[in-house]
Amino acid sequence: MKTSHLLLPKNLILVFLCLLYSIPTTSCSAHSASIYVTNSCKTTLYPRLCNKALSKHAGKIKGSPKLLAMTALIATYNATQTTSKVLRELRRATECVEVVGDAVFELHQSIKRLDQSRKGSRQFFGQMDDVQTWVSAALTDDDTCMDDFKAVGRRQVLARGFVYTVARLTSISLTFINNYAAL
Ligand SMILES: *[C@@H]1O[C@H](CO)[C@@H](O)[C@H](O)[C@H]1NC(C)=O
């Protein structure tokens, strides 16, 4: 909590100096790109995890709500795929293997659909509806896995932690998707 209070004024001062002196260097745009990610992450339920996953991609996101949603979705997909692999290596996690496998598929579909979407096109709302449906389904799958998970051994506890993180990343993605859809 304390660090975020300290970060904001420092960032604001930097932006102000960039504007004041019209500093033409890339460092100003890099700073505003990272401020965009930080501020967007604050609108999610898990700002710290969000920053951890997305801040290194701030330069690529460049203040675009669509790229923000896309990058969050790809980070979620990556993590879900890794988790799916971990679960497959565990015995006794059969239900989880199945539902998290479904989540990988749903996230892949939503990445493709979000990529196709064009703001202002006739299909836009239908496309965003598909994306929201698939990502919500992925979140439900993660929850189903966690409800079901018998975390007995050390490896199970570790794997459950993976699923927990993936569920939180999915929630972050959904926040950014909803925001992009509603703009
Ligand atoms: C997703 O994984 C790919 C391949 O490992 C990696 O290059 C990319 O940076 C990752 N993307 C995100 C947003 O985490």
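These values consider heavy atoms only, across backbone and side chains, with no hydrogens, waters or symmetry-generated copies. Note that ligands are numbered from 1 as they come in the structure, with each ligand's atoms numbered from 1 the same way.
- One N or O on the side chain of T76 and one on the backbone of L169 form a donor-acceptor pair closer than 3.5 Å.
- For the pair F176 and L54, the minimum side-chain heavy-atom distance is below 4.5 Å.
- Between the side chain of T165 and the backbone N or O of G161 there is at least one donor-acceptor pair closer than 3.5 Å.
- Considering backbone and side-chain N/O atoms, T71 never comes within less than 3.5 Å of an N/O atom of ligand 1.
- Neither V163 nor Y46 shares a network with the other; the hydrophobic side chains, linked directly or stepwise wherever heavy atoms of I, L, V, M, F, W or Y lie under 4.5 Å apart, form separate groups for each.
- Regarding atom 9 (O) of ligand 1, its nearest protein heavy-atom neighbour is H57 CE1, 3.7 Å.
- With hydrogens left out, the protein atom closest to atom 14 (O) of ligand 1 is N78 ND2, 3.3 Å, a heavy atom.
- In this structure, atom 11 (N) of ligand 1 has protein heavy atoms in its sub-4.0 angstrom surroundings.
- Screening residues 174-183 for side-chain hydrogen bond (donor to acceptor under 3.5 Å, both in side chains), with sequence neighbours left out, gives Q132-N178.
- When distances from atom 4 (C) of ligand 1 to the protein are checked, no heavy atom turns up under 4.0 Å.
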